[in-house]
Amino acid sequence: MTQITNEALILACSAIGAGIAMIAGVGPGIGQGYAAGQAAAAVGRNPGAKSDITSTMLLGQAVAETTGLYGLAIAFILLFANPLLGKL
Amino acid sequence: MMNVIAGSTNFLLAEGDVDFMVHGLIKYNLFGQELWITTTHVSVLLVTISLMIFAVLVNRKIKKANIEDTPGTLQNIAELAVEMLDNMVNTIMGKKAIKYVNYIGTIFAFILFSNVSGLLGLRPPTADYGVTLPLALITFVMIQYINIKENKLGALTSLFQPIPLFFPINLIGEIATPISLSLRLFGNILSGTVMMALIYGLLPIFVKIGIPAALHIYFDLFSGAIQTYVFCMLTMVFVTDKMATEE
């Protein structure tokens, strides 16, 4: 049986950690979907304000996306600029 | 992502296929520091040059424009863009818009061209944190300058609202503005770049016909345009937010 080196172990755990970090994508998904649903309801009620509603919705969705992007940033750091390898 | 250039811990790149990193091109020394001219510099240079050429062409066209002629394609495009930006800034900022429309228009054009440059095979400059952070820092300086100019001492005391205990939270809130602003743009464009690199690098050849074109439209055009809009919109909203307390 071959030995697992320290570096390989850290890389494997980092890959798993990156996968777990992307669970952060769930929240923005729900939030953006909710915003889009509400916007659709608003357009149904007041079709004249469609352009205003659309721009407000897009702005809100982009802000809601931020937390997901923090998770993405952590996943990227773990995969491509791993700080843990330097601690060996 | 500095050690990316040194190419240290990049195990996906070791496969030889997937490549979306910033690459160093020319090394030079400045005050004993080892610095690199990277692909980002080249992309920014190309984007800036293309914007300049566009500006010069439009300038020549507009100067020669006659009120009786029918405007050509270039003039129409330029007028459409300027009118759209004017409207956008006016709806958010109202009376003060005239002061800011130049700056907002400039960053809008720059970020839009940067994001869309992924279509031409460049690595988008905005997928480098070194480009988005300065853009957000300019916004931050602008917000604080307006805050101090409009509110004088109120800028300081507003940090202690509603009770002094909230000072650390308010401070973090102020500092988080540029960080979230820059990370939003950076994360969106970088995720698009990474996805395209994965699709080009890892999928079998028959999947690569036609499908990447649709994805390019989503990641580069749609996502890039939305993020440009959001960046400019948030900059305006933050700046207006600090002015509104006066009236």
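Chain letters run A, B, ... following the sequence lines, proteins first, then strands; residues in each count from 1. Predicted model only: the values in this text are computed from it and were never measured.
The number of heavy atoms from other shown groups lying within 6.0 Å of CG (B/L30) is above 12. The environment of CE in B/M196 is crowded: more than 12 heavy-atom neighbours from other residues, nucleotides or ligands sit within 6.0 Å. Heavy-atom neighbours of A/E7 CD from other residues, nucleotides or ligands within 6.0 Å: at or below the threshold of 12. At most 12 non-hydrogen atoms from other residues, nucleotides or ligands lie less than 6.0 angstrom from CD1 of B/I98.
Closest approach of B/R184 to A/T66, counting heavy atoms only: NH2-OG1, 2.8 Å. Across B/S191 and A/L72, no two heavy atoms sit closer than the pair CB-CD2, 3.6 Å. Listed here is the closest heavy atom pair of A/A62 and B/V230: CB-CG2, 3.3 Å. The minimum heavy-atom distance linking B/N188 with A/E65 is given by the pair OD1-OE2, 3.4 Å.
One distance of note links CZ of B/F186 with CG of A/L69; it measures 10.0 Å at 0.5 Å rounding.
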Are B/T91 and A/D52 close enough, and set up right, to give a side chain to side chain contact (heavy atoms under 4.5 Å, CB included), and what steps lead you there?
CA-CA 11 Å; B/T91 46; A/D52 274 355; over 6 Å; no
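Interface residue B/L183: backbone and side-chain heavy atoms are both found under 4.5 Å from chain A.
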